[in-house]
Protein chains: 2
Amino acid sequence: MSTAAVADTRPYHHGDLRRALVDAAIRILEREGPSALSLRAVAREAGVSPAAPYHHFKDKGELLEAVAHVGWEALGDGMSAVQDGVTELSSLMTEIGVAYVRFSQDHPALYRVMYDTARDKDSLPEGMQDKEDGAYCLVRNTFRDAAGPDVPAVDIELATIAAWCAAHGLAEMSGFAQFNPLKEAFGGDAGFLRAVLSHLGMFQSKRGDPT
Amino acid sequence: MSTAAVADTRPYHHGDLRRALVDAAIRILEREGPSALSLRAVAREAGVSPAAPYHHFKDKGELLEAVAHVGWEALGDGMSAVQDGVTELSSLMTEIGVAYVRFSQDHPALYRVMYDTARDKDSLPEGMQDKEDGAYCLVRNTFRDAAGPDVPAVDIELATIAAWCAAHGLAEMSGFAQFNPLKEAFGGDAGFLRAVLSHLGMFQSKRGDPT
DNA sequence: GTCCGATCTGGACAGTGCTTAGATACAAAC
DNA sequence: GTTTGTATCTAAGCACTGTCCAGATCGGAC
């Protein structure tokens, strides 16, 4: 009945429980999916009582926000990683889009949490638009650098938002059964993604002409 | 008094409880949002015991599928309603897209349930692609009619999927705070939607040229 | 060393999805 | 018109959830 055995591995005051809880949540997400992500399961995974998380997060939603934040950072890293190898704008934007969709395919549960919290707040994470290192800014800056100084800022913004909508839409649906025939026609998943993103003209930096 | 007439109003104990449950669920969705949509709340709203729904739906997911089905039909109606007034292809596809996003704005909770169940099954509702009266088919047929016989079917399919991705992405994010400045710049919500959809070239019926 | 505030636990409450056993009401057979 | 059968519905209960509370425990300031 001694506490020694427990205290051996886990001291009463966890060093950085907040971080440990976020890590545990992501581990559960990757292992069992979003439906298994309960606060109690996270506490269990971290080896702590069900009430412990409430000393670090106001409620479950705040934990999910922290999880989503980690996800957005990882997504931004994945997107900026493709920048180095590509120089041409059209290829660059398409490859950034592919990296975006790939992330959603590699971490579907995390991606779902990211957008669930975004939908609840009706906003992408604050700071993504203003800060210079966010994933959203990466896209906008790429458009801005390529467009030159004579293109109005509003058109840059339009292109960014349109590209983001296209990438998100494709990310959410690229796994749908309806796409399978077309994937084969375009030589697999990668070819399919590039075909859709190219078709949507992600690389356009100006507003479409009225036809 | 024939049984057919009785079946019209209330054929069994409570009446058409299956239908009543779906209606109750939609009522709760519109009134209190997706987080309030529990099976027990639906049963309460319909005035039956918590276990009653299980005689009409295998589980909560099956109820949500039925709810989503109603939503898809309403969305299809909204999209096909704009067909009559517009003749030019580019305008037509844009207006169909606007109708799509408008539906998601008018029924955000229902739209969320529709895609939650779709994500769980990794598929848009079965039949939407094959049947001739589904919303998905409406878009594809519009592309096909406009493209003419010399355009390969695979390109029609690509255009349809790309347009669907764009519309869904925009539908999910059009309420995000990031869009507000741009909405003003484009003269309100409607102008903003048309600008994004036009920019994404929803009306293109051919695969983009390799640049 | 004593005290304080931050951290964590155990227990509890209302609510959830779902199951089971039994009650009820209608349809058809006699 | 009674009986039988079956679909429908209820009541009770299980394991689980998010959240709160009183109290135990610990690290650091005095």
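Quick note on labels: first sequence line is chain A, next is B, and so on, each numbered from 1. No hydrogens, no waters, no symmetry mates; every other heavy atom, side chains included, goes into these values.
Atom CZ in A:Phe57 sits about 14 Å away from atom C1' in C:dT7, given to the nearest Å. Here the C1' atom of nucleotide C:dT20 and the NE2 atom of B:His55 are 10 Å apart, to the nearest Å. Taking atom CD on B:Glu32 and atom P on C:dT16, their separation rounds to 11 Å, with Å as the unit. For the pair A:Glu45 CD and D:dT17 P, the computed distance is 13 Å after rounding to whole Å. Separating the CG atom of B:Leu21 from the C1' atom of D:dC9 is a distance of 12 Å, rounded to the nearest angstrom. We find that CG of B:Asp16 is positioned 14 Å from C1' of D:dA7, with the value rounded to whole Å.
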Item to complete: Test B:Tyr115 against B:His168 for ring-ring contact (aromatic ring centres under 6.0 Å, His included), laying out the working first.
Response: CA-CA 10 Å; B:Tyr115 266 93; B:His168 171 63; 3.9 Å; yes
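Of the possible donor and acceptor atoms, one in the side chain of A:Ser80 sits under 3.5 Å from a partner among the backbone N and O of A:Asp77.
Here A:Arg44 reaches the OP1 or OP2 of D:dT17: one of its side-chain N or O atoms lies under 4.0 Å away. Regarding contacts with the backbone of D:dC9, a side-chain N or O of B:His56 is found under 4.0 angstrom from either OP1 or OP2.
Heavy atoms of other residues, nucleotides or ligands lying less than 6.0 angstrom from NE2 of A:His56 number more than 12. With a 6.0 Å radius and a threshold of 12 heavy atoms from other residues, nucleotides or ligands, B:Glu184 has its CD atom at or below the threshold.
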So which protein nitrogen or oxygen atoms get under 3.5 Å of nucleotides 17-19 of chain C's nitrogens or oxygens?
residue: C:dG17; atom: OP1; partner: B:Leu39; partner atom: N; Å: 2.7
residue: C:dG17; atom: OP1; partner: B:Lys60; partner atom: NZ; Å: 3.3
residue: C:dG17; atom: OP2; partner: B:Leu39; partner atom: N; Å: 3.0
residue: C:dG17; atom: OP2; partner: B:Arg40; partner atom: N; Å: 3.1
residue: C:dG17; atom: N7; partner: B:Arg40; partner atom: NH1; Å: 2.5
residue: C:dG17; atom: O6; partner: B:Arg40; partner atom: NH1; Å: 3.0
residue: C:dC18; atom: OP2; partner: B:Tyr54; partner atom: OH; Å: 3.1
residue: C:dC18; atom: OP2; partner: B:Lys60; partner atom: N; Å: 2.8
residue: C:dC18; atom: O5'; partner: B:Tyr54; partner atom: OH; Å: 3.3
residue: C:dC18; atom: N4; partner: B:Arg40; partner atom: NH1; Å: 3.2

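For the pairing with A:Ser174, the side-chain hydrogen bond (donor to acceptor under 3.5 Å, both in side chains) check across A:Lys183, A:Arg102, A:Gln105 returns one residue only, A:Gln105.
With values rounded to the nearest 0.5 angstrom, A:Ile96 atom CD1 is found 4.5 Å from A:Leu138 atom CG.
Nucleic acid contact class of B:Arg18 (heavy atoms, under 4.0 Å, all strands): none.
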